[in-house]
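So you know, we letter chains A, B, ... as the sequences are listed, proteins then strands, and number each from 1. Computed from a predicted model, the values in this text were never measured in an experiment.
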Number of protein chains: 2
Amino acid sequence: MQLDGRLSRMMHLLIHMDRANGPITSGEAAEMLHTNPVVIRRTMAGLRDVGFVRSIKGHAGGWTLLKPLESISMLDVYKAVGQPRIFAIGLVDPAPDCLVEQAVNASMTSALEKAEALLIAQLGEVTLAAIAKDFDRRFSASCANSL
Amino acid sequence: MQLDGRLSRMMHLLIHMDRANGPITSGEAAEMLHTNPVVIRRTMAGLRDVGFVRSIKGHAGGWTLLKPLESISMLDVYKAVGQPRIFAIGLVDPAPDCLVEQAVNASMTSALEKAEALLIAQLGEVTLAAIAKDFDRRFSASCANSL
DNA sequence: TCATATGTAATATATGGAGTTACATATATG
DNA sequence: CATATATGTAACTCCATATATTACATATGA
């Protein structure tokens, strides 16, 4: 399986949009994320559906952020992009006849569910505003370094 | 991505091997796991390398469990099958130039690492013996049901 | 009207586990 | 020693899915 980067990608883009004045086109966004305009539109569709962004067609169109970064958590973005599958490992058969396999599944599921719950909790605790603030720190630091 | 079932599969098989008297061939194991003998050999190679099982070629050959289930944790099996990638989601670029993406990566990595640490801890706490014991409970229960 | 955007379908690409075939090698058994 | 039976492994194919790309329909401001 290839890695699913939709959550990372959209967080990245939303912070850029917050920094921009005026709409950002799919083409501009694609350059920022080193990808393709269609990938942007496809993935942003989920964010538009939940009201985080708006898209406008035609001249002077593009994408606009509708909500403050303070109000958007990593978890919100995760949900908006369709709650991609979290784990690359898992059960071979979710409902096996073999009782041994059922016992194995129970242990695996228990471990995975606990890890998933912690991840979801972590995602819920961090807002995009906090990440943007971290960016500001990194930006200041990089300026200081270049003196 | 397709799901990686090597950990589940090998736990399943090791418990069956503990219940068997005498070696189990790759063909018999493949039937138990509803898969292919080559998949068995390929995946069991890692368990053999760390000394959990032994393989004997030729007549009356097959696979034998060398260690008690009490001494093998889920984590041991996870490591033996090559520590497969845990997450299906992740960073687009682990070392981006963009400072915004760096900040996003830092937050994603932090969340994923905490979840991974919990999962590893969970896997380390459960032995195959505990899972076998759970199987025994399920087996008793299924017998009781069929009365 | 036309240049510029998004919306979306269709297709190609890349990745990696799993499935399968083929064959080399090792080993009891007669 | 010949043979049936195992493992060991290389070399495929298959499959799922995110991503990349092309193509074209649709909408909109100048």
Side-chain angles (χ1 to χ4, degrees), chain A residues 1-10 12-13 17 20 22-49 53-64 66 78 81-94, chain B residues 1-10 12-13 17 20 22-49 53-64 66 78 81-94:
Chain A
M1 172 199 319
Q2 201 168 323
L3 214 112
D4 188 324
R6 285 178 290 182
L7 171 55
S8 290
R9 238 185 270 270
M10 290 302 99
H12 182 185
L13 181 52
M17 287 171 65
I24 288 182
T25 67
S26 303
E28 291 165 349
E31 274 188 45
M32 287 175 181
L33 306 200
H34 305 111
T35 180
N36 191 286
V38 176
V39 172
I40 300 291
R41 289 183 208 123
R42 196 190 281 152
T43 317
M44 288 287 277
L47 302 182
R48 184 188 52 219
D49 292 345
V53 298
R54 173 181 50 185
S55 63
I56 296 175
K57 290 183 175 181
H59 251 298
W63 299 86
T64 313
L66 293 180
Y78 170 73
V81 297
Q83 299 190 259
R85 184 156 53 81
I86 290 173
F87 295 108
I89 62 176
L91 312 180
V92 173
D93 176 356
Chain B
M1 157 201 333
Q2 204 168 320
L3 216 111
D4 187 324
R6 285 177 291 181
L7 170 56
S8 291
R9 238 186 271 267
M10 291 302 98
H12 182 185
L13 181 52
M17 287 171 66
I24 288 182
T25 67
S26 303
E28 291 166 348
E31 275 189 45
M32 288 175 181
L33 306 202
H34 306 111
T35 179
N36 190 285
V38 176
V39 172
I40 300 292
R41 289 183 208 123
R42 198 190 278 155
T43 317
M44 287 288 276
L47 302 182
R48 184 187 52 217
D49 292 345
V53 299
R54 173 181 50 186
S55 64
I56 296 175
K57 289 183 174 181
H59 251 300
W63 298 87
T64 314
L66 293 180
Y78 171 72
V81 296
Q83 298 191 257
R85 185 157 52 82
I86 290 173
F87 294 108
I89 61 175
L91 312 181
V92 173
D93 176 356

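With rounding to the nearest 0.5 angstrom, the CG atom of B:Asp93 is 10.5 Å from the OG atom of A:Ser8.
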Residues 33-40 of chain A side chain polar contacts: donor-acceptor under 3.5 Å, at least two apart:
from    : atom 1 : to      : atom 2 : distance (Å)
A:Asn36 : OD1    : A:Val38 : N      : 2.9

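Using a 4.0 Å heavy-atom criterion, one finds that B:Arg54 contacts no nucleic acid atom at all.
Contact check, B:Arg6 against C:dG17: a side-chain N or O comes under 4.0 Å of OP1 or OP2.
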Polar-atom pairs under 3.5 Å, protein N or O versus N or O of nucleotides 4-6 of chain C: list them with distances, or write none.
from  : atom 1 : to      : atom 2 : distance (Å)
C:dA5 : O4'    : A:Gly58 : N      : 3.3
C:dA5 : O4'    : A:Gly58 : O      : 2.9
C:dT6 : OP1    : A:Ser26 : N      : 2.8
C:dT6 : OP1    : A:Ser26 : OG     : 3.1
C:dT6 : OP1    : A:Trp63 : NE1    : 3.3
C:dT6 : OP2    : A:Ser26 : N      : 3.3
C:dT6 : OP2    : A:Ser26 : OG     : 3.0
C:dT6 : O3'    : A:Ser55 : OG     : 3.4

Dump every N/O contact between nucleotides 11-13 of chain C and the protein below 3.5 Å, one line per pair.
none

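Atom pair A:Leu7:CG and D:dT19:P shows a separation of 11 Å (rounding to whole Å applied). One can place CG of B:Asn36 at 15 Å from P of D:dG8, the figure rounded to the nearest angstrom. In this structure, the CG atom of A:Leu13 is 14 Å from the P atom of D:dT19, given to the nearest Å.
Listed by chain and number, the residues in a salt bridge (Lys or Arg N to Asp or Glu O under 4.0 Å) with B:Arg6 are B:Asp4 (sequence neighbours excluded). With sequence neighbours excluded, no residue forms a side chain to side chain contact (heavy atoms under 4.5 Å, CB included) with A:Glu31. The side chain to side chain contact (heavy atoms under 4.5 Å, CB included) test applied to A:Ser55 returns A:Arg48, A:Trp63, not counting sequence neighbours.
By the 4.5 Å heavy-atom criterion applied to side chains, A:Leu47 and A:Met10 are counted as neighbours.
Remark: D:dC1 base-pairs with C:dG30; criterion is Watson-Crick or G-U wobble with both hydrogen-bond distances under 3.5 Å.
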